[in-house]
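All remarks here apply to the structure that follows.
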Amino acid sequence: MTSSNGTGPKRVLVTGGSGLVGRAIEQLVQGGEALPSEEWTFLSSKDADLTNAAETRAVFARCQPTHVIHLAAMVGGLFRNMKYNLDFWRQNVHINDNVLQTAHEHGVTKVISCLSTCIFPDKTTYPIDETMIHNGPPHSSNFGYSYAKRMIDIQNRGYHEQHGRMFTAVIPTNVFGMYDNFNIEEGHVLPGLIHKTYLAQKNGTPLVVWGSGKPRRQFIYSLDLARLFIWVLREYQEIEPIILSVGEEEEVSIKEAAESIVSAMGFKGEVIFDTTKSDGQYKKTASNSKLRKYLPDFQFTPFSQAVKETCDWFVANYDVARK
Ligand code: NAP
Ligand code: GFB
C-alpha cells in the first residue's frame, strides 16, 4: 500500500522532466534528496508525446507510477504567448487531459500539476491569493495558456469529487535557473536578458531591454522551487492549489532585474529600453502566506546569488544551452 504522503514507497514519474523545473528536481534527487523508498523517472517528449493519448498510456504502463509530478507543457515568455495563444490552449489542454485521465485509470495515489501566477485575473486586488484563480479574465497576452492551466484546477476538483483522487496543483511565480530556455524570442525575461547580455558583451553592442522596464515580477530560483515540489510530494494534502513564490517584498522591476544581470555578467556597455515592445502584464503580485503557514522557515536563495549562478552556468554551458 503506497502512502499518499510521507515516506511510504513511491514510484515518482516527472512529466516535463527535461525542462527548467524538471532538471532542477532531478539535480536535487541525484544530489541525495531522494528517500530510499522513492524511485524517480524523468520524462522528455522523446519518451512520449503527451498530446497523444496512446503514447501517454504506453509510458504510464511502462513506468507504473504511484505518484506524478506533472510539469510537461507548452511554455514560453510573453512574446511567444502573444503569438500562439491558440496553440498554448490546444497543446496544454490535450497534455493535461491525457496525463490526468491516464493517472486516474492507473490509480495513481497523488498527482501534482503546475499552474502559474500569470493565469490570475488581470483586473484584481493585490496581493493575489489561491482563492482568486477564476475571478475574472486573465491578461489578454496569454489567455490561451491561462485558461488551459485554470482547467487543471477544475479537473483536479472533478477527479477528487467523483473518484476521491488526490490530484492537486502548485502555482509557481516566474521561474529561472540553469537549463532554462534561453531562446531570445520564445523564452522568459531573465534567460532572454542573460543571453542578450552575453551577445552584447561579445559583440560590443548595447543590451536592449524590451518594454519600459517598469513592470514588476517575483522570481523564484528553480532549485528553490524544486525543494518545494519535493515537500509538496511528501507532505501537502490539499486539493486546493498552493502558490510557490518568494514574498511580495521580493518583487523587482524588470529594470532592476536587468541591472542584476548586468552586474552578474560584468557588462560595461550601454543598456537601452525598446519601448516599442510590449510590457505585458504590469504586475501579478502574489502572496505566499499559505506557503509560509506550512513552511515559516523556508529559506529562498537571495535573488542576486541565484542570478549569478544562472549567468555563470549559461556562460560555461553556452554551446549546449537551449537558445
Ligand atoms: P520547459 O523548460 O519549457 O520544459 C517543458 C517540458 O515539457 C520539457 O521537458 C518538454 O519536453 C515537455 N513537453 C513539452 N511538450 C510536451 C509534449 N507534447 N509531450 C511531452 N512532453 C512535453 O518548461 P518549464 O519552465 O520547466 O515549466 C515546467 C512547468 O512549470 C510547466 O507546467 C509550466 O507551465 C510551469 N511554470 C513555469 C514557469 C516559468 O517561469 N518557467 C512559471 C510558472 C509555471 P522536451 O524537453 O522534450 O521538449
Ligand atoms: O518572462 P516574461 O516574458 O513573461 O517577461 P511574463 C515579460 C516582461 O519582461 C515584459 C520584459 O515586461 C517584457 O517587456 N522584457 C524585457 C523581456 N526584456 C525582455 C526579453 O528580452 N525577453 C522577454 N521575454 N521579456 C509570462 C506568461 O508573462 O509569465 C507566461 O506570458 C508564463 O504564460 C510566464 O506563465 C511565467 O512574466 O510577462
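Nothing fancy with the numbering, it's 1 onward along the sequence. Counting starts at 1 for both ligands and their atoms, following the listed order.
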Transitive ILVMFWY side-chain link L291 to L233, under 4.5 Å
yes

For ligand 2, is any non-hydrogen atom under 4.0 Å from V189's backbone (N, CA, C, O), its side chain (CB onward), both, or neither?
both

Pick from I184, I119, N174: the one approaching atom 37 (O) of ligand 2 most closely through a non-hydrogen atom
N174

Who gets closest to atom 20 (C) of ligand 2 by heavy atom: F219, W210, Y145, F143?
W210

Would you find more than 12 non-hydrogen atoms of other residues, nucleotides or ligands less than 6.0 Å from K255 atom NZ?
no

Checking a contact table here: which protein heavy atom is nearest atom 34 (C) of ligand 2, and how many Å away?
H188 NE2, 3.2 Å

Could you tell me if any non-hydrogen atom of K277 lies under 4.0 Å from any atom of ligand 2?
no

Heavy-atom proximity to atom 21 (O) of ligand 2 ranks first, among M82, H139, Q218, K196, for K196

Check whether any N or O atom of S141, backbone or side chain, sits under 3.5 Å from an N or O atom of ligand 2, and answer yes or no.
no

For ligand 1, list the protein residues that place a heavy atom within a distance below 4.0 Å of one of its atoms, sorted by chain and number.
G16, G17, S18, G19, L20, V21, S44, S45, A48, D49, L50, T51, L71, A72, A73, V75, I95, C114, L115, S116, Y145, K149, P172, T173, N174, V175, H188, R322

Compute the centroid of each ring, for F303 and then for F176, and state whether the two points are separated by less than 6.0 Å.
yes

Residue selection (non-hydrogen contact nearest atom 24 (N) of ligand 2) among G77, G192, G187:
G187

Give me the residue, atom name and distance of the protein heavy atom closest to atom 27 (C) of ligand 2.
N142 ND2, 3.6 Å

Output yes when the distance from some N or O of ligand 2 to some N or O of L78 is under 3.5 Å, and no in every other case.
yes

With a cut-off of 6.0 Å (strictly less than), are more than 12 heavy atoms of other residues, nucleotides or ligands near OH of Y147?
yes

